[in-house]
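Working notes, structure below.
Chain letters run A, B, ... following the sequence lines, proteins first, then strands; residues in each count from 1. Side chains are part of it too, since the values below use all heavy atoms of this structure and drop only hydrogens, waters and symmetry mates.
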Amino acid sequence: MDRRRFLQLGSGLAASSVLACDRLPQLLLTRGIMGDSAPFAPPDVPYIDLVSHAISRLSYGAGPGEYARVRALGRTSHDAVAAYVREQLAPGQLDDGRAEAVLRRLSMLDLPVGELFEYEAPVVLDSLTRERLLRATLSRRQLHEALVEFWSDHFNIDSSKGDCRWLKAADERDVIRAHALGSFGAMVRASALSPAMLWYLDGRTNRRANAGEQPNENYARELLELHTLGVHGGYTQRDVMEAARALTGWTVRGLGESSFGLGRVEFAPELHDDAQKVVLGEVIPAGGGEKDIDRLVEIVCAHPATAIHLSTKLCRRFIDDDPPRRAVEWVASVFSGSGGDIRATLSVLLATPEFLAVRGTKLKRPFHFVVSALRATDAASDAGPALQDYLSRMGHAPFQYPTPDGYADDATAWTATLLWRWNFAMALQRNRIQGTRVDHALLERRAGGRRALAAHLLGRRPTPDEWSAHESTPDTLALLVASPAFQRF
Amino acid sequence: MQIASRGAVAVAPDEQRTLVVVFLRGGADGLALVPPVGDDAYHRARPRLRVDGRSAPALDARFALHPRLAALHPLWLRGDMAVVHAVGSEDSTRSHFEAQDLMEHGGVMGGGWLGRFLRVRPATGSRALAAIAFGTQLPEVLRGAPAATVLRSLDDFTLGDGGPALAASLAGLYQVDGGVLGAAARDTVRSLERLDALRAAPYRAAHGAEYGSDEFAQSLLQVAQLIKAGVGLEAVSIDVGGWDSHFTQGTLIEPLMLRLGEGLAAFCTDLGPSLATTSIVVMTEFGRRVAENASLGTDHGRGSVMFVMGGGVRGGQVAGEWPGLALHALDGPGDLPVRTNYRDVLAAVLARHGGQGLLGRVFPGHRVQAMQL
């Protein structure tokens with residue numbers, strides 16, 4: 001269906017029913033992550049051990065058998081975890097055929113950017129959301145997926161703004177996924193020239209065709225405030241203006257003005273301010289033209305405040321809402337020393353004493369909660385509208401956060417979501433979520449009984465309180481998924 | 001950019017304010033809903049569709065309500081309803097899709113204005129049930145809300161059979177757990193109890209209000225139920241479709257007007273004193289051409305009307321500059337021009353819902369000049 005046809009439908013007023021998200025039929029009902037019914041061995045100690053901890057922090061939680069698999073990667077727990085970290089930092093070497101096979105149904109997401117416009121916007125959003133959910137649930141490249149979520153918040157784009165309705169799909173693929181474990185500088189550069197970002201933060205209108213025109217500072221400000229140095233990173237209003245000047249002249253073809261080459265990013269020299277700029281004390285010489293952006297990205301990425309800002313955010317995600325200072329500084333020094341190599345930075349972060357010592361202190365955000373429940377219960381799911389509904393209810397639908405700061409990563413933002421977490425747990429247990437199925441009896445059998453299944457979900461043996469609560473309800477799976485311990489990781 | 005404070009402020013249940021946004025999709029004809037019966041140009045432009053001033057409840061010397069909206073007249077007389085005429089957005093594409101999108105987002109930006117409002121205003125307790133929409137999917141206006149539920153039935157809210165037992169077990173576990181989750185769990189259990197009580201007893205509308213069996217009235221009935229239950233409902237979005245009246249306008253929109261008027265009248269009656277803390281806004285993406293067309297209909301135009309009810313509105317006034325319908329006053333192909341930006345109407349309402357001082361963040365890029373409503 002082409003855009004014209006779409007607009008006709010849109011004006012047909014039954015807009016909301018025409019734009020139904022269930023254009024993708026129930027083809028995507030996958031089997032669970034294991035795809036078999038082999039028995040598995042959950043943790044059997046009364047505390048969260050190192051292996052359980054590493055799985056819960058690097059991934060969206062243990063699926064059946066994951067604990068035993070990781071434990072077997074080394075002679076000691078430390079060796080096993082180190083091997084697990086190495087494995088997850090090299091996602092390209094993990095065969096992800098099962099996830100890929102399922103995701104072939106969403107092959108529209110592989111289209112060149114201009115062709116995405118052939119689809120109805122709600123279908124693009126639905127596909128993108130399914131992709132995120134299904135990869136997070138099914139992929140063996142779990143750390144990569146966790147980082148995709150992290151960077152998608154860091155470089156947040158609300159897909160409901162203008163052409164972002166189509167362009168965010170390309171941003172997710174070409175910026176976020178492509179660089180999630182690569183070079184931070186390359187990711188910043190890709191993001192700066194991502195057609196979706198040029199739309200979202202108005203870079204496409206940032207021009208200086210004559211001396212009287214003021215550049216649009218929106219993107220330049222967020223580049224410094226959110227993407228690189230951080231709000232207290234020591235830049236000035238002058239730096240924002242100079243950065244904006246360096247970024248003038250980049251345009252993207254939008255639906256309003258063009259019908260071909262949609263989403264194409266072009267540099268228009270006549271709209272570029274080609275005089276000298278000074279950003280953070282560094283000179284960008286006159287006459288740089290379209291190379292200005294490269295120099296600007298170098299300057300902002302190499303700034304020490306950027307290393308601290310990024311290190312703080314990564315430590316908040318992987319260690320604690322209140323990230324320990326020593327770890328932040330150490331990780332920042334590696335970030336700087338490696339020239340913003342994300343893989344090298346993480347490999348150090350995930351070996352800090354602070355990371356290794358902490359346990360279960362982070363509150364799962366709703367997306368994490370939902371995906372970890374699907375993984376733990378080995379649910380089959382089409383990741384369709386019924387599942388996505390729960391994310392909306394908890395205020396955590398992917399690609400729909402309105403402002404450039406992205407969804408918050410600390411617990412206080414999410415404590416009001418318990419009602420829907422409990423509701424989800426009950427609906428999951430009772431198989432009341434359309435397009436999602438759990439086989440409780442089979443799961444319990446494979447885990448080796450009720451106590452073992454509880455240990456699988458909690459990452460440790462249940463406490464006496466948990467066990468007596470467990471005994472007092474027939475909805476044991478719901479109880480475990482809704483329990484306080486399962487809200488944390 | 002600035003990031004909203006998240007500090008939760010305790011608010012007594014009787015201070016809970018609820019905003020109900022009714023969106024008339026398709027471009028509702030403001031000149032039919034609130035005809036300028038005192039303007040000769042109106043009668044000339046609408047020889048077959050016009051409303052006779054003598055049969056329509058008068059608002060003032062210029063305007064009347066369409067007779068099918070007569071149920072709203074008592075609200076007007078009590079001062080609980082204001083009308084804004086020649087109101088709309090800056091969008092001049094006259095495309096439903098573009099105009100609705102712009103109006104719901106509050107500009108070319110991500111997220112809806114109502115979602116943004118809920119995000120920037122300080123929380124008033126647990127927000128799990130803060131925002132609901134009726135329909136099949138989340139409307140653009142609520143995009144970006146901290147939590148938003150597309151409601152099909154009140155059953156969606158509860159845990160169902162076995163729920164109370166599960167909640168009791170969970171309450172114990174969260175108690176032991178303590179911390180922020182402990183407090184949140186107590187909140188959640190309370191909400192669940194109220195919702196279960198709601199489901200258990202058949203609802204009786206108060207003050208002699210009678211709701212129709214149509215979808216709109218039934219949605220409003222559920223909203224009234226939730227407001228009275230004090231579960232923290234802050235914002236509601238209800239869509240009413242079918243206003244795109246290109247041909248035989250009367251047969252298309254008269255039944256809609258009847259349901260709109262009677263539904264809202266029943267809702268306001270039912271709320272009784274709670275109407276003081278409940279605001280209702282009725283809006284549409286654009287109005288329609290002043291002159292009727294050859295098929296007894298009207299085509300896409302610009303300015304239309306908005307209704308504001310309850311919540312302490314200064315009712316009994318038709319607000320906004322009225323350009324008149326003389327040919328030279330019209331916009332483009334002969335449309336009622338937009339003289340009042342819809343954001344300035346919303347701003348007046350949001351200010352009474354804790355939005356004072358936040359309006360610049362709800363409508364970035366717009367110099368807010370809240371109407372005196």
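Ranked by heavy-atom pairs shorter than 4.5 Å toward chain B, the options A/Ala397, A/Ala485, A/Ala411, A/Ser483 are led by A/Ser483. Between chain A and the residues B/Pro146, B/Ala131, B/Pro139, B/Ala165, the largest count of heavy-atom pairs under 4.5 Å involves B/Pro146. The candidate from B/Val180, B/Leu181, B/Val150, B/Leu102 with the greatest count of non-hydrogen atom pairs under 4.5 Å with chain A is B/Leu181. Ranking B/Leu159, B/Thr158, B/Val189 against chain A, the residue ahead of the rest is B/Leu159, based on heavy-atom pairs under 4.5 Å.
Looking at A/Trp414, neither its backbone nor its side chain comes within 4.5 Å of chain B, counting heavy atoms on both sides. With a 4.5 angstrom heavy-atom cutoff, A/Tyr407 touches chain B only via side-chain atoms. The parts of A/Thr415 that come within reach of chain B are both its backbone and its side chain, each placing non-hydrogen atoms under 4.5 angstrom from that chain. Proximity to chain B (any heavy atom under 4.5 Å) is restricted, for A/Asp389, to the side chain, taken from C-beta onward. Interface remark: B/Val176 contributes side-chain atoms only to the contact with chain A (heavy atom separation under 4.5 Å). No part of A/Ile157 comes within reach of chain B, as not one of its non-hydrogen atoms sits under 4.5 angstrom from that chain.
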Quiz item: Under the side-chain hydrogen bond (donor to acceptor under 3.5 Å, both in side chains) criterion, do A/Ser472 and B/Ser169 qualify, and how do the steps go?
Solution: CA-CA 7 Å; A/Ser472 70; B/Ser169 302; 3.0 Å; yes
Practice problem: Walk me through it: do B/Tyr174 and A/Gln487 pass the test side chain to side chain contact (heavy atoms under 4.5 Å, CB included)? | Solution: CA-CA 11 Å; B/Tyr174 278 85; A/Gln487 310 315 308; 3.3 Å; yes
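How far CE of B/Met109 is from NZ of A/Lys161: 7.0 Å, rounded to the nearest 0.5 Å. Atom CG of B/Asp187 and atom CG of A/Leu419 lie 10.0 Å apart (nearest 0.5 Å). Taking OG1 from A/Thr403 and CZ from B/Arg361, the interatomic distance works out to 9.5 Å, rounded to the nearest 0.5 Å.
For A/Asp158 (side chain) and B/Gly111 (main-chain N/O), a donor-acceptor pair under 3.5 Å exists by modelled atom type. Under the 3.5 Å distance criterion, the side-chain polar atoms of A/Ser392 are left unmatched by any main-chain donor or acceptor of B/Ala148.
In this structure, the side chains of A/Pro402 and B/Arg119 come closer than 4.5 Å at one or more pairs of heavy atoms. Using a 4.5 Å heavy-atom cutoff, the side chains of A/Trp422 and B/Leu166 are not in contact. Side-chain contact between B/Thr149 and A/Trp420: present, with at least one pair of heavy atoms (C-beta onward) separated by less than 4.5 Å. Residues A/Arg393 and B/Phe157 form no side-chain contact, since every pair of their non-hydrogen atoms from C-beta on lies 4.5 Å or further apart.
Here B/Asp101 pairs with A/Arg165 in a salt bridge; the nearest charged N to carboxylate O distance falls below 4.0 Å. Residues B/Asp177 and A/Arg488 are paired through a salt bridge, judged by an N-O separation under 4.0 Å between the basic side chain and the carboxylate.
Crowding of B/Glu215 atom CD: a count of heavy atoms from other residues, nucleotides or ligands under 6.0 Å not exceeding 12. Surrounding CG of B/Asp161 are at most 12 heavy atoms belonging to other residues, nucleotides or ligands under 6.0 Å away.
When all heavy atoms of A/Ser160 and B/His105 are compared, the closest pair comes out as O-CE1, 2.9 Å.
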